[in-house]
There are 2 protein chains.
Amino acid sequence: MGLICAQRPALPPEPLAALDSPFNPDFLEPMRDAKPNKEKSPAKAASGDRPAGVRRPDAARIPGSSVHASLASEIGLRIVRGDYPPGTILPNEAKWSETFSVSRSAVREAIKMLMAKSLLASRPKIGSWVEPKERWNLLDRDVLAWYATSPDREVFLKTVQEFRHIIEPEATAFAAMRRTDEQMAEISQACREMGEATSLQERTRADTRFHLAILRASGNDLLVPLGVLIESAFDHLFAYTTRELDDLQHAQKLHEAIEKNIRLQRPDAARNAVRKLLANTDGVIRSR
Amino acid sequence: MGLICAQRPALPPEPLAALDSPFNPDFLEPMRDAKPNKEKSPAKAASGDRPAGVRRPDAARIPGSSVHASLASEIGLRIVRGDYPPGTILPNEAKWSETFSVSRSAVREAIKMLMAKSLLASRPKIGSWVEPKERWNLLDRDVLAWYATSPDREVFLKTVQEFRHIIEPEATAFAAMRRTDEQMAEISQACREMGEATSLQERTRADTRFHLAILRASGNDLLVPLGVLIESAFDHLFAYTTRELDDLQHAQKLHEAIEKNIRLQRPDAARNAVRKLLANTDGVIRSR
DNA sequence: GATCGCAATATTGTCTGACAATACACATAA
DNA sequence: TTATGTGTATTGTCAGACAATATTGCGATC
């Protein structure tokens with residue numbers, strides 16, 4: 001055996017139960033055996049009338065779950081989760097292909113997607129290895145989603161909230177200085193819809209739109225991609241959100257204060273208003 | 001013709017001169033003709049002893065310039081540059097394949113990489129289209145690099161610097177609170193090497209390491225990926241960096257103040273020290 | 001004439017099989 | 001021991017085929 005840590009033994013006792021796509025559980029069926037049966041290409045297998053290549057009956061019904069996308073999710077999740085620590089050489093393409101009974105092209109496309117997110121790198125004769133964690137693009141929507149499942153929800157939420165404390169007050173101050181009227185309209189509308197929402201989900205959606213609109217209005221293109229963090233935060237915050245009417249109304253007032261200060265172009269006041277809102281959110285989290 | 005804006009006419013007068021890989025200029029030669037020659041698979045073509053598929057002689061010598069990687073860079077750059085505005089349907093895979101004389105697989109792998117960066121999305125029968133700019137992952141290393149070439153250097157630098165003002169003071173304050181001894185050692189070493197550097201390039205490298213180490217020491221995983229911004233900033237700042245000895249020494253002192261305050265675990269002082277450094281950098285930029 | 005349904009069609013998605021390029025690992029030779 | 005060459009495993013690239021999909025336009029029906 002070489003020096004480099006080799007791949008794990010394909011996780012034989014853990015046959016990859018539920019895949020990513022929630023509605024299509026066993027779409028990617030794991031390797032059931034090394035040698036399935038002999039009649040591979042010849043005669044059509046029994047009842048099915050699919051001519052040559054063995055093909056699963058109804059593939060990729062859900063938009064985001066083509067074979068390569070599912071593969072990328074599965075492998076990406078495993079990497080972020082720590083199944084293959086940084087530096088590890090992954091199973092080779094043929095192995096993945098066999099494990100999931102998909103073509104090598106699909107595997108390659110999945111791996112290319114993970115390479116684009118800096119989770120992997122590869123070279124001929126070596127294979128694909130996991131990149132050092134510092135290189136991972138944690139702010140990528142998918143990577144963030146995978147990452148959110150790995151540590152404690154609590155820890156993840158704390159990290160995200162801390163990040164929001166850094167970003168949002170300043171972004172909001174910039175928005176107060178540079179917003180256009182159109183951007184202001186988006187912010188105001190989202191704020192209004194928050195107040196008028198009849199369900200918690202509806203409210204959360206409007207809340208998300210509110211904060212994303214502020215990021216866009218900040219006038220700094222680089223702040224916009226951080227919206228994925230806010231979306232993720234709200235996804236994971238949902239379980240914590242209060243059902244108390246008092247708290248809801250208080251939160252609404254805090255949002256309206258932000259809206260007002262952006263509208264009146266008062267950067268400092270807007271910044272402080274956001275700080276208050278974030279402190280309030282922190283309190284909600286802590287009290288659970 | 002359909003309603004949706006169709007692809008541009010393949011840019012016939014602009015035959016894609018210099019590709020991304022600086023050392024391998026005409027690696028991807030654009031479509032020279034639709035029908036190259038007839039003897040494709042049969043006899044080996046003249047002197048060359050390559051058996052069947054026509055293949056460029058020395059391909060992919062530079063690590064990052066495999067065919068699919070070059071393609072991704074080229075297409076990605078065009079998208080970010082604005083050749084294909086958001087909503088535009090791209091030329092289809094067969095077209096790219098023909099244009100660059102590469103296989104469809106290579107095109108697909110390139111497109112999959114761009115999809116992973118949220119620059120593209122696609123569906124059968126429709127094609128691949130450019131995603132709205134808000135979805136682009138501008139904080140991705142590659143996207144950022146492409147983005148850096150498109151607007152004015154000046155504007156780009158200003159945006160990045162503004163972002164640094166938001167992030168780095170807080171990150172440094174956290175580092176002062178939470179750094180481990182190992183992380184402190186990295187920071188101190190980078191700071192020392194900055195002072196001892198004999199070339200501007202060497203100094204810039206150490207400078208970059210210094211700031212990245214601080215981000216890592218902040219104890220917030222989500223701050224680490226923002227390192228690409230700092231790297232990019234220094235890349236583009238290089239032209240501005242001072243050669244005046246006085247300024248150099250002043251900058252060095254500012255860095256050492258940061259190092260010291262992190263070492264002594266004084267968050268507020270560290271934050272202020274970073275603010276001073278950034279103000280100094282802003283001054284350098286403005287004065288040119 | 002308007003609306004609905006259906007087929008034609010264009011494009012991505014997937015599979016298969018083959019060969020090239022690469023660089024580590026080992027055996028061999030100096 | 002060191003240097004050199006060969007073996008070999010893995011990704012990279014190519015080619016060709018068919019499936020899945022959803023728009024588009026046409027035709028049928030109300």
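Computed from a predicted structure; not experimentally measured. Naming convention: chains lettered A, B, ... in sequence-line order (proteins, then strands); numbering from 1 in each chain. Values reported hereafter were calculated over all heavy atoms of this structure, with side chains retained and with hydrogens, waters and symmetry mates removed.
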To the nearest angstrom, how far is A:H68 atom NE2 from C:dC15 atom C1'?
14 Å
Taking the side chain of B:S66 as heavy atoms from C-beta outward, which of C:dC15, D:dT13, D:dA15 is closest to it?
D:dT13
Separation of atom CZ in B:R104 from atom P in C:dG13, rounded to whole Å
8 Å
Taking A:R141 first and then A:E231, would you say they form a salt bridge - that is, a charged N and a carboxylate O separated by under 4.0 Å?
yes
If you take atom types as modelled and just measure distance, does the side chain of B:R123 reach the base of C:dG13 with a donor-acceptor pair under 3.5 Å?
no
Parallel, tilted or perpendicular, as decided by the 30° and 60° cut-offs, for the rings of A:H211 and A:F234
tilted
Working to the nearest 0.5 Å, report the span between CD1 of B:I111 and CG of B:L71.
8.5 Å
When you compare the side chains of A:T198 and A:E202, does any donor N or O come within less than 3.5 Å of an acceptor on the partner?
yes
For A:R108 and D:dG12, is the shortest distance between a side-chain N/O and OP1 or OP2 below 4.0 Å?
yes
Please report, rounded to the nearest Å, how far the P atom of D:dT13 is from the CD atom of A:E93.
11 Å
Map A:P124 and A:E109 onto DNA chain C by nearest heavy atom, then report which one ends up closer to the 5' terminus.
A:E109
Return no unless some side-chain N or O of B:K112 is found under 4.0 Å from OP1 or OP2 of C:dG13.
yes
Could you check how far CD1 of A:I126 sits from C1' of C:dA21, rounded to whole Å?
13 Å
B:W129 CH2 - D:dA22 C1' separation (whole Å)
11 Å
For atom CD1 of A:I89 and atom P of C:dC24, their distance in whole Å
11 Å
Please answer whether the main-chain N or O of B:V228 pairs with a side-chain N or O of B:S232 as donor and acceptor at a distance below 3.5 Å.
no
I want to verify a distance call: between C:dT16, D:dC14, C:dC24, whose nearest atom is closest to the B:S105 side chain?
D:dC14
NA contact type, B:S122, heavy-atom cut-off 4.0 Å: base, sugar-phosphate, or nothing?
sugar-phosphate
How long is the line joining NZ of B:K95 and P of C:dT12, in whole Å?
13 Å
Using whole Å, report how far CG of B:N92 lies from P of C:dG13.
12 Å
Check whether the side chain of B:K125 and the base of D:dT23 form a donor-acceptor pair under 3.5 Å.
yes
